[in-house]
Protein chains: 2
Amino acid sequence: MGITKTEIFTDKQNQIAQYAKVLGHPARVAILQYLYKLNACVCGDLVDEIGLAQPTISQHLKELKHLGLIKGNVEGTSVCYCIDADNWKKMKTVMSEFLDQDLNQKDCC
Amino acid sequence: MGITKTEIFTDKQNQIAQYAKVLGHPARVAILQYLYKLNACVCGDLVDEIGLAQPTISQHLKELKHLGLIKGNVEGTSVCYCIDADNWKKMKTVMSEFLDQDLNQKDCC
DNA sequence: TTTATTCATTGCAATATTACGATTAATAGT
DNA sequence: ACTATTAATCGTAATATTGCAATGAATAAA
């Protein structure tokens with residue numbers, strides 16, 4: 001019914017899915033890549049860089065911030081976003097463990 | 001509008017998002033883990049293993065198959081699913097490249 | 001042929017997501 | 001105080017997703 005039955009899955013499974021879900025939109029992928037490219041923090045010219053309206057970008061930023069992948073500092077009227085390196089590393093660990101399942105396995109059919 | 005503007009993003013960004021999106025549901029994560037755990041192929045006792053109705057599982061399997069992460073062979077009345085190792089590797093390459101962005105970067109804010 | 005089993009498909013309801021216009025809140029500059 | 005700028009929030013429309021009951025198609029067993 002449009003709602004996910006998270007209760008029947010393990011915490012790990014839900015965590016993997018949660019990380020994957022937030023990466024599951026090209027705008028959020030693009031935002032993260034741009035923040036990494038600039039290395040230093042970057043302000044809201046993400047709206048110019050990516051071709052979406054300001055409220056839409058703001059919404060995507062909110063989701064990324066909610067999961068902890070980015071953080072934002074207010075600087076006057078503008079807000080400077082950057083990658084949260086610690087949480088990124090945590091995500092990488094969780095996702096890599098999942099993606100590397102194949103290393104322990106033999107061939108199947 | 002519920003619809004993603006894929007045109008304004010690069011192929012790579014869309015590809016990453018597409019892979020992530022399919023991993024963005026715990027049922028599909030669980031299915032993939034189960035298929036890996038059994039190593040050999042496995043039939044549709046996924047319905048018993050995971051606590052969702054058969055049509056729901058069938059739908060998730062369809063999405064996984066559509067992206068090429070699994071393949072299914074008909075065996076009499078049952079269907080045997082297994083991981084598509086080649087395509088899994090391709091996904092791992094794409095996702096790892098994205099997740100490893102941090103390795104080339106200095107600190108920011 | 002009939003029956004049972006297994007799985008895909010269809011149709012539907014409930015909810016979620018994506019996107020944007022309009023508005024609001026906050027600060028900076030005049 | 002007034003204005004401009006920036007970004008969050010609200011409200012809304014369109015579409016997507018999740019989940020299941022009912023049904024259908026295909027094969028196996030009797």
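Convention: sequence-line order gives letters A, B, ...; per-chain numbering from 1.
Counting non-hydrogen atoms under 4.0 angstrom, B/S58 reaches a base of the nucleic acid.
Minimum atom distance to the side chain of B/H60 is reached by D/dT18, of the listed D/dA8, C/dC7, D/dT18. Comparing D/dG19, D/dA28, D/dT6 by their closest approach to the side chain of B/T77 singles out D/dA28. When the nucleotides D/dT27, C/dC20, C/dT18 are ranked by their closest atom to the side chain of A/H25, C/dT18 comes out on top.
Atom CD in B/Q18 sits roughly 11 Å away from atom P in D/dT17 (whole-Å rounding). Summarising the geometry, the separation between CD on A/E75 and C1' on C/dG29 is reported as 18 Å, rounded to the nearest angstrom. Atom pair A/I3:CD1 and C/dT17:C1' shows a separation of 14 Å (rounding to whole Å applied). Straight-line distance from the NZ atom of B/K21 to the C1' atom of C/dT18: 9 Å, rounded to whole Å. Nucleotide C/dA19 holds its P atom 13 Å from the CG atom of A/L61, rounded to whole Å. In this structure, the CZ atom of A/R28 is 15 Å from the P atom of C/dA16, given to the nearest Å. Rounded to an integer number of Å, the gap from B/I57 CD1 to C/dT9 C1' is 16 Å. Rounded to whole Å, the distance from CG on B/L64 to P on C/dA8 is 12 Å.
Proximity of a side-chain donor or acceptor of B/E97 to a complementary backbone N or O of B/V94 within less than 3.5 Å is not detected.
Between A/P55 and A/S78, the residue anchored nearer the 5' end of DNA chain D, judged by the nucleotide with its closest heavy atom, is A/S78. The residue among A/V74 and A/Q54 whose nearest nucleotide of DNA chain C lies closer to the 5′ end is A/Q54.
Looking at heavy atoms from C-beta onward, B/C82 lies out of side-chain contact with B/I70 at the 4.5 angstrom threshold.
Look at A/Y81 and you'll find a side-chain N or O under 4.0 angstrom from OP1 or OP2 of D/dA8. The side chain of B/K62 contributes no N or O atom lying less than 4.0 Å from OP1 or OP2 of C/dC7.
For CG of A/D11, the number of neighbouring non-hydrogen atoms (other residues, nucleotides, ligands) closer than 6.0 Å is 12 at most.
Ion pair A/K92/B/D100 flagged as a salt bridge, since at least one NZ, NE, NH1 or NH2 atom sits closer than 4.0 Å to an Asp/Glu carboxylate oxygen.
Among A/H25, A/R28, A/Q33, the one residue that satisfies the side-chain hydrogen bond (donor to acceptor under 3.5 Å, both in side chains) test with B/Q13 is A/Q33.
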